[in-house]
Amino acid sequence: MTAVVPMPGDVEGGSVYDRLIHPDKVHGSLYTDQQVFAEELRKIWYSTWVFVGHESEVPQPNDYVRKRLGLQDVVMTRDKEGEVHLLLNRCAHRGNQVCDDDKGNSSSFRCPYHGWTYRNTGELLGYPYNKGYGGKNKLELGMGVVPRVSSYRGFVFGSFATEGPTLVEHLGGAAREIDRLADLSPEGRVELSAGWLKHKTRANWKLLAENETDGYHPQFVHGSIFGVTGSPIGALYSDASTAVTRNLGNGHSENDLRPEFRGFDEEMRWFGTTVERVPRYVAAMRERHGEDAHRILVEGAPHVMIFPNLFIAEIQVFNIQPVSAGECVQYSTAVQLAGAPEMNKRMISQSIGSVGPAGMLLADDTEMYERNQRGVEVLDPEWLDVRRGLVRERTDEDGYTIGAATDETGMRGFWKHYKSLMEA
């Protein structure tokens, strides 16, 4: 029977996470224990770089959009100078919520409780009946802000840690996968302007993060949709595939299908279409990239999970946000490539079919997430096995650990980084 999970300080001679996380297995309580979840909020969600949104969601000065960072209600704003800020949605006076609308355009926010007003940078503009505070400009209060905000190729991340690795250092090898996505645009820019769908899942957030680059499940979980659509992608996740699973470090991982696509040397195969169906897009890519366009159009978009919550699945982007030990929300949107209207229509259509309200792929995965959550609440066996492919891992030319297409190499990388953060 599973023992009560000890918390840090309860274990002599080492961290509690030494007992819960091994190279080949992890303890089931990590997905169910509310104390572990509280530790994750403090040591991961409120300490590391977390994906929040995209610059294209606030394209104009004074645009704003509501977001989540862990359990925090955040307002992403663009000020009149064009700088992006992340404000905590709370009045500095009595804690009332300042911003009600999901998005809009305003240079200021006014608290409905006592009328305190703030700039869209978080600075306090004024407060009614100021004599009660000794007059105007006597208070040095403002909305809370996420202290570090940084973006990479338009992807906006925030960190509550005032010091630590830069965003580029955090991304490491995952940055080049974001580059791959942006390079598929004739203008070199991704836009996340199609709107976000919100999917609540009765499962721990880590089950989603693990699944996103798990190449072992597609043939079984998604066999029906592969059969209906005639998609060749399913066959790429098998022991016969030349594709690889790569641990990119810092908890990031990818399913690299490029070895398979290079074998055919056929442009647009990664998108399941042909050059003849998107001629204007292909022409624009060749004009921008020259001879390199062929390689880009053959290799296609990345399939990468960026720790802890950004998943880029070729033509759609996911933002995972925790709610509790047994619940999370997954936001999804179709990738839009600047200067590629011909492709963008197709991307929206395919995304709706796969991860829309009636999307088959997301329905399949969600069923598995929730079955997993119910399963890990059972007391025996205590452990989840993550050893697949451990005996055949190798190092690629860039020094990254890689495994076969169906191996749990990325999962082990996730847990190694998770453990290092939780022990900090």
Side-chain angles (χ1 to χ4, degrees), residues 7 34-53 57-58 61-81 83-150 156-164 196 198 200 205 308-309 319-331:
M7 292 309 294
Q34 195 62 33
Q35 287 181 287
V36 171
F37 179 73
E39 283 279 298
E40 291 171 350
L41 289 176
R42 186 164 62 89
K43 294 185 175 182
I44 296 176
W45 295 93
Y46 301 156
S47 295
T48 62
W49 287 104
V50 176
F51 171 65
V52 178
E57 296 180 79
V58 286
N62 298 326
D63 280 350
Y64 68 88
V65 62
R66 294 261 298 278
K67 291 291 184 179
R68 304 291 296 184
L69 199 171
L71 301 187
Q72 302 301 302
D73 189 334
V74 172
V75 186
M76 185 167 75
T77 69
R78 186 183 292 275
D79 66 24
K80 63 181 181 180
E81 306 300 332
E83 185 177 352
V84 174
H85 305 265
L86 298 178
L87 313 181
L88 302 184
N89 194 7
R90 168 178 167 161
C91 181
H93 175 217
R94 298 293 297 278
N96 203 277
Q97 199 169 55
V98 173
C99 180
D100 292 326
D101 294 335
D102 288 338
K103 61 181 179 179
N105 181 279
S106 179
S107 62
S108 64
F109 301 103
R110 184 177 184 272
C111 177
Y113 196 10
H114 297 101
W116 286 35
T117 306
Y118 303 87
R119 295 188 196 278
N120 60 7
T121 59
E123 175 189 354
L124 179 63
L125 279 173
Y127 37 90
Y129 310 135
N130 56 70
K131 291 180 182 179
Y133 298 100
K136 295 181 179 180
N137 304 319
K138 295 297 183 179
L139 298 178
E140 296 182 359
L141 296 174
M143 293 176 68
V145 299
V146 178
R148 288 200 296 164
V149 181
S150 187
V156 178
F157 295 76
S159 174
F160 282 103
T162 55
E163 297 179 346
W196 293 85
K198 192 183 301 185
K200 184 178 287 187
W205 68 273
N309 70 318
N319 179 352
I320 303 168
Q321 294 293 339
V323 175
S324 67
E327 188 176 4
C328 66
V329 176
Q330 186 171 211
Y331 302 82

Seminar exercise, completed: When every non-hydrogen atom of P322 is compared with those of F37, the smallest separation belongs to CB-CE1, 3.6 Å
Problem set entry | Heavy-atom donor-acceptor pair, S47 side chain to A161 backbone, under 3.5 Å | no
Could you pull out all donor-acceptor pairs under 3.5 Å where a side-chain atom in residues 121-136 meets a protein atom, sequence neighbours excluded?
residue: E123; atom: OE1; partner: R119; partner atom: NE; Å: 3.0
residue: Y127; atom: OH; partner: G135; partner atom: O; Å: 3.0
residue: Y127; atom: OH; partner: N137; partner atom: N; Å: 3.2
residue: Y127; atom: OH; partner: K138; partner atom: N; Å: 2.9

Problem set entry | Y118 versus A92, closest heavy-atom pair with distance | OH-N, 2.9 Å
For this session: Measure the spacing between CZ of F51 and CG of N319 and express it to the nearest 0.5 Å.
Result: 5.5 Å
For this session: First locate atom OG1 of T48, then atom CD of E40, and finally report the distance between them rounded to the nearest 0.5 Å.
Result: 11.0 Å
Exercise. So do V149 and H85 actually touch side chain to side chain, heavy atoms under 4.5 Å?
Worked result: no
For this session: Rounded to the nearest 0.5 Å, what's the gap from CD1 on I320 to OH on Y331? Could you check?
Result: 12.0 Å
Problem set entry | Any Q321 side-chain heavy atom under 4.5 Å of N309 side chain | yes
Exercise. Looking only at heavy atoms, which two atoms of V323 and L71 are closest? And how far apart?
Worked result: O-CD2, 3.6 Å
Problem set entry | Distance, nearest 0.5 Å, that separates CZ of R148 from CH2 of W49 | 4.5 Å
Problem set entry | Over 12 non-hydrogen atoms of neighbours within 6.0 angstrom of CD in Q34 | yes
Problem set entry | N89 to M143 - nearest heavy-atom pair and separation | CA-CE, 4.3 Å
Exercise. Counting only N and O atoms by type, is there a donor-acceptor contact under 3.5 Å from the side chain of R78 to the main-chain atoms of V58?
Worked result: yes
Scan the side chains in residues 106-116 for donor-acceptor partners under 3.5 Å anywhere in the protein, sequence neighbours excluded, and list what turns up.
residue: S106; atom: OG; partner: S108; partner atom: N; Å: 3.2
residue: S106; atom: OG; partner: S108; partner atom: O; Å: 2.6
residue: H114; atom: ND1; partner: H93; partner atom: ND1; Å: 3.2

Problem set entry | Heavy-atom side-chain proximity of V74 to L88 below 4.5 angstrom | yes
Give the table of side-chain donor-acceptor pairs shorter than 3.5 Å for residues 96-105, with sequence neighbours excluded, one pair per line with atom names and distance.
residue: Q97; atom: NE2; partner: D73; partner atom: OD2; Å: 2.9
residue: N105; atom: ND2; partner: P61; partner atom: O; Å: 3.0
residue: N105; atom: ND2; partner: D63; partner atom: OD1; Å: 2.7

Seminar exercise, completed: Separation between CH2 (W45) and CZ (R68), nearest 0.5 Å, reads 11.5 Å
Seminar exercise, completed: From the list L87, V52, L86, V50, side chain to side chain contact (heavy atoms under 4.5 Å, CB included) with V146 holds only for L86
Exercise. What's the shortest heavy-atom distance between V329 and K198, and which atoms?
Worked result: CG1-CG, 3.4 Å
For this session: Report the distance from atom NZ of K200 to atom CD of Q330, rounding to the nearest 0.5 Å.
Result: 14.0 Å
